[in-house]
Amino acid sequence: MKMPKRGPSREELVATMEKYRRTDGDAAGARLFSLVYAVPPDVDAVAKDAYIRFFSQNALNPMAFPSLRRFESEVVSMVLGLFHGPEGSVGTMSSGGSESLLLAVKTARDWARAERPKVTAPEMLLPVTAHPALLKAAHMVGIKPVLVPMRDDFTADVDKAKELITDDTILVVASSPQYPHGVMDPVADLAALAASRGILCHVDACIGGFLLPWVERLGHDVPAWDFRVPGVTSISADLHKYGYAAKGASVVLYRTRALRRFQHFVHADWPGGLFGSPSILGTRPGGAIAAAWAVMTYLGEDGYLDLARRAMDATAKLAKGIAEVPGLRLLGKPVMSLIAFSADEGDLYVIGDRMQARGWRMDRQQAPASLHLTVSPGHDAVADVFLADLRECTREVIETKAQAEGASAMYGMLGQLPDRGVVRDALLDFMEGFDTMADGAGDDEKA
Ligand SMILES: Cc1ncc(COP(=O)(O)O)c(C=O)c1O
């Protein structure tokens, strides 16, 4: 597209945007099982209203917009309360899980440079199931990632971690829970291992942080994972996941102010003035910070408890229903609202394709192959229809012995290819295609 010389009317502009998004997933509804969180319309409205009010504000300079500074510090203190932050614990808002993790890993590197100067080639231990944002962070800040294998129940193998830890290890990571199977890593054991070496332990609660405290209060069995666990030095948790805030909001928290000091970047000699930046972004969108504050305050403990109850009830119903579909099998023992299942009969990815053709989008996972659901409170309204469709699609695929075609066949093949370098190249080629893939979005009138 070439930039128009003269723009269209606002009505035409809106019409074009609406046309483009006709082929998008159902962002507000409950047919997506990842990427978005289906919540009651009033919660969405609160987030949108706050976002628009602070649409132009910029939290780069905390002096210019004291309102944003106040929102951020109140969000951080509410979250510290929720995660049992001890006296002196602090935090920062960021734009999402990846930024929070990058900050935690960069902080660990700079801490080690100051406190472990003999370590010249730092390493971090992380479970194979940890989110790839941590590998991206390690890559970006120059720390060698050392992967800890998982046990049969998909949790990190602590005995293997003990073998893999070296004098160069500066950071141990645990997920609470990990995304692929929704199970908790043994946070207490991994944190104790880190503490025994005098190094840092980060808990990635990006997906679990805003649900687990309520799940625990509802009486479910949730092993301790937050600052109550000795040895946990930092935690990340995403407001734009189960915090139900607008996209672009997360927190990274530290047990001590002294540790967070390593996160901050300052430059004292810039002709443009004294410069200080707490996070990766320079300009920080005020809307996302205000929306997070507004939603947390609006929902309060009772609101979050209510939504957690709905999400957990929907999860229980879906998990039971999936387990009862002949040919399908649940994986692991998830602690909250993440479900992974595989197929003992029929091609699982074809089942995923058939479900997608009916409007249901689940993540395709590998090693072992599984389909993944992130369950939101709004899924309670669609659980029965989903299960009926899943039963039908699975039966069809088993009876017709349907084979994977196109993208699914490719995905299955790449998942099993022993040469992972070839797979990485294929992924990079695929990403090059994103530029052209967007052409024609919304053109399919039937979509
Ligand atoms: C456990 C975990 N950590 C980190 C992330 C990354 O978060 P974001 O996509 O907000 O960068 C995710 C995303 O799903 C996650 O599940």
Side-chain angles (χ1 to χ4, degrees), residues 25 27 32-38 47 75 79 83 92-106 124 126-141 145 147-148 150 154-156 171-187 190 201-213 215 222 225-226 232 234-253 279-281 284-285 288-289 291-292 295 311 315 332 334-340 361-365 370-376:
L32 297 189
F33 283 99
S34 68
L35 306 171
V36 296
Y37 292 78
V75 164
V79 185
F83 296 176
T92 305
M93 283 186 75
S94 81
S95 63
S98 298
E99 189 185 356
S100 288
L101 293 169
L102 180 51
L103 289 168
V105 171
K106 175 244 184 270
M124 66 190 246
L126 72 167
V128 278
T129 50
H131 195 277
L134 281 152
L135 290 171
K136 183 159 76 172
H139 177 73
M140 289 171 86
V141 310
L147 294 177
V148 178
M150 57 185 174
F154 306 107
T155 63
L171 173 68
V172 176
V173 174
S175 307
S176 172
Q178 45 94 308
Y179 181 84
H181 317 98
V183 300
M184 299 284 280
D185 282 327
V187 174
L190 290 169
C201 174
H202 180 78
V203 173
D204 177 7
C206 280
I207 197 145
F210 286 94
L211 193 55
L212 291 175
V215 171
V222 179
W225 60 273
D226 58 17
V232 169
S234 58
I235 298 178
S236 50
D238 292 352
L239 284 146
H240 64 199
K241 294 192 170 78
Y242 285 99
Y244 311 122
K247 297 280 182 285
S250 172
V251 286
V252 56
L253 309 168
S279 56
I280 306 295
L281 300 188
R284 303 166 71 211
I289 295 172
V295 171
T315 305
V335 66
M336 44 175 252
S337 54
L338 306 176
I339 299 175
R361 185 178 280 272
M362 293 173 274
D363 289 348
R364 292 171 179 79
Q365 304 192 126
S370 61
L371 294 177
H372 182 278
L373 289 82
T374 301
V375 182
S376 295

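The figures here come from the full heavy-atom set of this structure, side chains too, leaving out hydrogens, waters and symmetry mates. What you see is a predicted model, and the numbers here were worked out from it, not measured in a lab. Both ligands and their constituent atoms are indexed starting at 1 by order of listing.
Using a 30° and 60° split on the angle between ring planes, Y242 and Y37 fall in the perpendicular class, above 60°. Using a 30° and 60° split on the angle between ring planes, F154 and H181 fall in the parallel class, below 30°.
The distance criterion of under 3.5 Å between nitrogen or oxygen atoms is met by G97 with respect to ligand 1. Checked by distance only, ligand 1 and Y179 stay at 3.5 Å or farther apart across all their nitrogen or oxygen atoms.
A donor and an acceptor atom, one from each side chain of S100 and S94, are located under 3.5 Å apart.
Close contacts between ligand 1 and D238 involve ligand atoms 7 (O), 10 (O) [criterion: under 4.0 Å to a heavy atom]. Numbered from 1 in the order shown, with element, the atoms of ligand 1 that lie under 4.0 Å from a heavy atom of L101 read 4 (C). Close approach to C206 involves these atoms of ligand 1, each under 4.0 Å from a residue heavy atom: 2 (C), 3 (N), 4 (C). Taking a cut-off of under 4.0 Å to the non-hydrogen atoms of S98, the atoms of ligand 1 that pass are 7 (O), 8 (P), 11 (O).
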Intermediate values then yes/no, side chain to side chain donor-acceptor pair (under 3.5 Å), H202 and S236 = CA-CA 8 Å; H202 180 78; S236 50; 2.9 Å; yes
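Protein heavy atom at the shortest distance from atom 2 (C) of ligand 1 is D204 OD2, 3.5 Å. Taking atom 12 (C) of ligand 1 as the reference point, the nearest protein heavy-atom neighbour is H131 CD2, 3.2 Å.
Residue contacts with ligand 1 include H240, since one of its heavy atoms falls under 4.0 Å from the ligand. Within the structure, ligand 1 lacks L134 among the residues with a heavy atom less than 4.0 angstrom away. At a 4.0 Å cut-off, at least one heavy atom of K241 sits close enough to ligand 1 to count as contact.
Atom-to-atom distance recorded for I339:CD1 and M362:CE is 10.5 Å, nearest 0.5 angstrom. Between I207 atom CD1 and S176 atom OG the span is 11.5 Å, to the nearest 0.5 Å.
The 12-atom threshold is exceeded at CZ of R364, counting heavy atoms of other residues, nucleotides or ligands nearer than 6.0 Å. By the 6.0 Å contact criterion, NZ on K247 is enclosed, its count of non-hydrogen atoms from other residues, nucleotides or ligands being greater than 12.
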